[in-house]
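The figures here come from the full heavy-atom set of this structure, side chains too, leaving out hydrogens, waters and symmetry mates.
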Amino acid sequence: MTISYTMSENQLLLLGDEALALGALDAGLSGVYAYPGTPSTEITEFIQNRKGYKGRGQDRTCGEPPVHCNWSSNEKTAMEEALGASYAGKRALVCMKHVGMNVCADPFMGSAMTGANGGLVVAACDDPSMHSSQNEQDSRFYADFAMIPCMEPSSQQETYEAARAAFDLSEQFGIPVLMRLTTRMAHSRANVTPREPRGQNELHFPPEGKARQWVTLPVNARVRYPQLIKDNEAFEKAAEESPFNRYVDGGDKSFGIIACGIAYNYLMDNYPDGCPFPVLKISQYPLPKNLVYRLAAECKTILVVEEGQPVVESALRGTFPSGITVKGRLDGTLPRTGELSPDCVRTATGLPARPERPASQITVPRPPALCQGCGHRDFFTALNMALEPYPGARVYGDIGCYTLGYMPPFKALHTCVEMGASITMAIGSSLSGGYPMVAVIGDSTFTHSGMTGLLDAVNEKADITVCISDNETTAMTGGQDSAGTGKIERICMALGVEPEHVRTIIPLPKNYDEMCSTIREELDYHGVSVIVSRRECIQTAKRHAAAKK
């Protein structure tokens, strides 16, 4: 990754992810803790590409001054590591995609109770329209659930500024701050003008009086929780006064518009000379209620334009006196699912629709497929061959490149729910009488959330065959380090799988007969067996070969 410079010497052309990363660095960041997931991966990669980074197990710092930037095993461990850094007084950043918030929900919710010492910012990148995700999910709900402030910037420059401000806000109130981006903001570029960076915090632990809230025994939590509720009044006041929230009056009071985050850009794209309606731009939460009430006092109809789920719209329904109408995603004025666009926002405001593009200008869809030469292809071919004599077989899939084994020509998977579910779903089906039950999981996903499932399988003496498709990297998100590289077999045996039933195969066409024989032997074994199918990712192999030239 290289940083692209524009014609202006003090400007950088950055992705939204990169703007967030640079803002964090310039805020005095001491460490980033993350698990890769599109569209959040580039935040950590930008920090890793500072001078000095060499990768896992080598140089554990990025650039000068040192900034921790190794990948964590999963989002939960990342959140806990960052929380520990914050406890020590350092500024820490946690990065993940929206479903990663589900994985780290326990420490994330707990962090609202402990509070923060050094600035603690959690960056969650949502994926409306599910470009590379299994669901649509709005991380603003998590901020509301935990009762912490949330930032939702509307441009790359604002993302840079909001990242810096989020660390200050965190330390001002002693609370974690959630930073929410969506795919279009994360992966689009614009000019960013950086400001003078600040130095890192010195090591300092909480004073004695505040330290008790870091031990969430009921006796302490019962004191902390009412304080958190009271603090929300201060968080809301900060949102009212925030430079990231702005009320712009308009002459046409037929309706008012609340535009959140990147949705503000979609709105203003249709009004380059200024919107004629009153507009409340929101990029910092909790919801600034006084600004909302001001809009409601001027306009009897309010259109809420927000990317993701109807978080603000739902909060406003039923809160106003009778006679105020709230429109948005819930009433069909805007699409209920998928990303917003300037065009759908245009029609929602009453402007005529733009002419449709000629069919020749529409890109032909290209469904995702496994790379030519990918080891997963040969593994799925062998697995299908091995399962032919077993009509009752079911194959439980997981999250990774190999999930594409569901697609033709392989049609090899029957389920895929979330990270780590392959092994535990296979256990449940096996204990219900299904046979043979096969779990397919990748090496990075196995160390992310599959190891505890394998321990359950061992303790249950479940009759399952676990296939770990090991391409020695986190390939789906671009080839990041995998926590289990070189350790998979030892981990499985340490978890209790009998050594003679931890097998390794090399997925190549010339090995099909041997692969099929090994798979069938383990299918016929009534207990827990693991087959590690190992071959380096073809894309990573190409990069390694190019680097040696």
Side-chain angles (χ1 to χ4, degrees), residues 34-41 44 71-79 95-105 124-137 139 183 367-371 374-377 379-380 383 394-407 410-429 437-454 456-457 464 466-485 488 491 530 532-533 537 539-540:
Y35 183 81
T38 305
S40 71
T41 309
T44 304
W71 295 105
S72 302
S73 293
N74 63 33
E75 296 86 355
K76 179 179 183 290
T77 63
M79 183 70 208
C95 307
M96 66 200 74
K97 67 184 295 178
H98 61 289
V99 288
M101 290 296 296
N102 304 332
V103 179
C104 81
C125 294
D126 294 351
D127 189 21
S129 287
M130 297 177 277
H131 296 284
S132 57
S133 306
Q134 65 267 47
N135 68 7
E136 289 191 16
Q137 191 172 300
S139 296
T183 302
L370 290 169
C371 300
C374 173
H376 297 322
R377 285 178 169 268
F379 165 71
F380 280 125
L383 179 62
R394 287 294 180 271
V395 180
Y396 299 85
D398 226 299
I399 302 294
C401 295
Y402 49 90
T403 312
L404 295 171
Y406 167 77
M407 306 293 285
F410 308 104
K411 300 181 180 179
L413 303 179
H414 296 95
T415 72
C416 178
V417 179
E418 40 81 25
M419 298 278 275
S422 58
I423 297 175
T424 39
M425 288 186 67
I427 294 171
S429 291
M437 300 291 105
V438 179
V440 175
I441 190 169
D443 53 316
S444 183
T445 307
F446 176 68
T447 52
H448 175 284
S449 51
M451 294 188 294
T452 48
L454 185 59
D456 274 3
I464 66 171
V466 178
C467 299
I468 302 176
S469 197
D470 181 8
N471 57 11
E472 302 182 327
T473 189
T474 312
M476 192 177 192
T477 50
Q480 294 78 28
D481 295 332
S482 175
T485 300
I488 297 293
I491 291 171
V530 173
V532 181
S533 173
C537 166
Q539 299 300 333
T540 304

For the residue pair F410 and F380, categorise the inter-ring angle as parallel (less than 30°), tilted (30 to 60°) or perpendicular (more than 60°).
-> tilted
Pair N102, Q137: side-chain N/O donor-acceptor within cut-off below 3.5 Å | yes
Looking just at side-chain N and O atoms, do D398 and T445 make a donor-acceptor pair shorter than 3.5 Å?
-> no
Could you check whether any side-chain heavy atom of [X] comes within less than 4.5 Å of a side-chain heavy atom of [Y], counting everything from C-beta outward?
X	Y	value
V99	S133	no
H98	N135	yes
D127	T38	no
H376	N471	yes
M451	F446	yes
L454	I491	no
V417	M425	yes
C416	I399	yes

Could you pull out the closest heavy-atom pair between [X] and [Y], with the gap in Å?
X	Y	value
S72	T77	CB-OG1, 3.6 Å
S422	G397	CB-O, 3.2 Å
G450	I423	O-CD1, 3.5 Å
T183	P128	OG1-CD, 4.2 Å
T447	S73	O-CB, 4.1 Å
D126	S139	OD1-OG, 2.7 Å

So, taking the atom named [atom1] in [X] and the one named [atom2] in [Y], what distance separates them when rounded to the nearest 0.5 Å?
X	Y	atom1	atom2	answer
Y402	I441	OH	CD1	5.5 Å
S449	K76	OG	NZ	12.0 Å
S444	D470	OG	CG	10.0 Å
C401	Q539	SG	CD	9.0 Å
M476	S132	CE	OG	6.5 Å
L413	T403	CG	OG1	7.0 Å

Quick one: which of M96, K97, M79, H448 gives a side-chain contact (heavy atoms from CB on, under 4.5 Å) with Y35?
-> H448
Check side-chain contact (heavy atoms from CB on, under 4.5 Å) between [X] and all other residues, then give those that pass, not counting sequence neighbours.
X	result
L404	P368, L370, M407
S533	F379, I505, P507
T452	none

Check: E136 side chain, M130 main-chain N or O, donor-acceptor pair, under 3.5 Å = no
